[in-house]
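From a predicted model like this one, the values you see are computed outputs, not experimental measurements.
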Amino acid sequence: AAAAAGSNYGAPAIAGVRTFGNTRTVHPAIRHLPPPSGTSQVTFRETLPEAAEVRHQAAEPWFGPGVAGGSGTQFQPPKSEGAPMYTKEQLREWQYPEYDPNFDNPEWLKEQFRKEREDPRENANFWLDPSDPAFFNNAARRPYAKALIRSEDHWNTRRNLWLEQFDNVRLLNESRSTTG
């Protein structure tokens with residue numbers, strides 16, 4: 001269970017904590033970020049700008065007109081932006097690690113997952129329980145899992161660089177306010 005939480009020795013995983021063997025380090029700029037809920041600085045306006053349109057979730061249609069003008073029983077999920085999608089050129093420019101193009105093919109992934117569900121030769125975890133110590137290590141050895149881990153490590157490296165820059169800017173702003 002400790003391996004599932006991504007921590008060492010049963011300690012809970014904490015945002016901004018990176019585990020290196022037996023040591024845990026927290027980037028110092030993490031303490032200056034707002035809480036994850038984003039509610040630290042909420043402002044309300046008395047009047048709306050002229051071009052603004054007030055929208056409410058209750059006004060969004062969850063059920064469409066239905067099939068052939070029916071009673072409105074055809075479900076329509078709410079429109080959302082979803083996760084940002086980046087082009088291969090952008091990822092290459094940002095020096096993300098390259099991965100197998102099959103991982104972007106939903107049909108290939110569907111077939112791969114089907115094989116892993118049905119064939120013990122394809123899935124080392126086929127006969128294992130998630131509480132088995134080798135379960136999560138086997139899952140991390142899969143090629144697509146390795147690609148995800150490499151990409152996440154690269155993103156964490158970039159994020160730590162941004163946090164260092166943020167901390168430097170904050171310190172320089174504080175020193176400028178004290179000297180001015």
### Task
With rounding to the nearest 0.5 Å, note down the distance linking NZ in Lys115 to CG in Asn123.
12.5 Å
### Message
For Arg92, is there an ion pair with Glu98 - N to carboxylate O distance below 4.0 angstrom?
### Response
yes
## Note on the structure
Taken to the nearest 0.5 Å, the spacing of Asn137 CG from Leu128 CG works out to 11.0 Å
### Message
Minimum heavy-atom separation for Ala139 and Ala145, please, with both atom names.
### Response
O-CB, 3.3 Å
### Message
If the condition is side-chain hydrogen bond (donor to acceptor under 3.5 Å, both in side chains), which residues does Asp104 pass it with, not counting sequence neighbours?
### Response
Lys88, Tyr99
### Query
Take atom CD in Gln90; do more than 12 heavy atoms of anything else shown fall under 6.0 Å from it?
yes
## Note on the structure
Sequence neighbours excluded, the answer for side chain to side chain contact (heavy atoms under 4.5 Å, CB included) partners of Ile149 is Ala140, Asp153
### Summary
CG (Asp132) and CG (Asn125) are apart, to the nearest 0.5 Å, by 8.0 Å
### Message
Taking side chain to side chain contact (heavy atoms under 4.5 Å, CB included) as the definition, give me every residue that meets it alongside Asn173, ordered by chain and number, with sequence neighbours left out.
### Response
Val169, Arg176
### Message
According to a hydrophobic-cluster definition based on side-chain heavy atoms being under 4.5 Å apart (Ile, Leu, Val, Met, Phe, Trp, Tyr only), do Leu91 and Trp162 belong together?
### Response
yes
### Message
If you count heavy atoms of other groups shown closer than 6.0 angstrom to CD of Glu118, is the number above 12?
### Response
yes
### Query
Got a second to check how far Tyr144's OH is from Gln112's CD, nearest 0.5 Å?
6.5 Å
### Arg158 vs Gln95 side-chain heavy atoms within contact, under 4.5 Å
no
### Task
Could you label the plane-to-plane angle of the Trp108 and Phe103 rings as parallel, tilted or perpendicular, counting under 30° as parallel and over 60° as perpendicular?
tilted
#### Entry: Aromatic contact, Trp94 with Tyr86 (centres under 6.0 Å)
yes
## Note on the structure
Here the pair of heavy atoms bringing Phe126 nearest to Arg117 is CE1-O, 3.1 Å
### Task
State the CG-OG1 distance between Leu161 and Thr157, to the nearest 0.5 angstrom.
9.0 Å
### Task
Could you pull out the closest heavy-atom pair between Pro130 and Phe135, with the gap in Å?
CA-CG, 3.7 Å
### Task
Please round to the nearest 0.5 Å and tell me the distance separating atom NZ of Lys146 and atom CZ of Arg141.
8.5 Å
### Query
Does any N or O in the side chain of Thr178 come within less than 3.5 Å of the main-chain N or O of Ser175, such that one atom is a donor and the other an acceptor?
yes
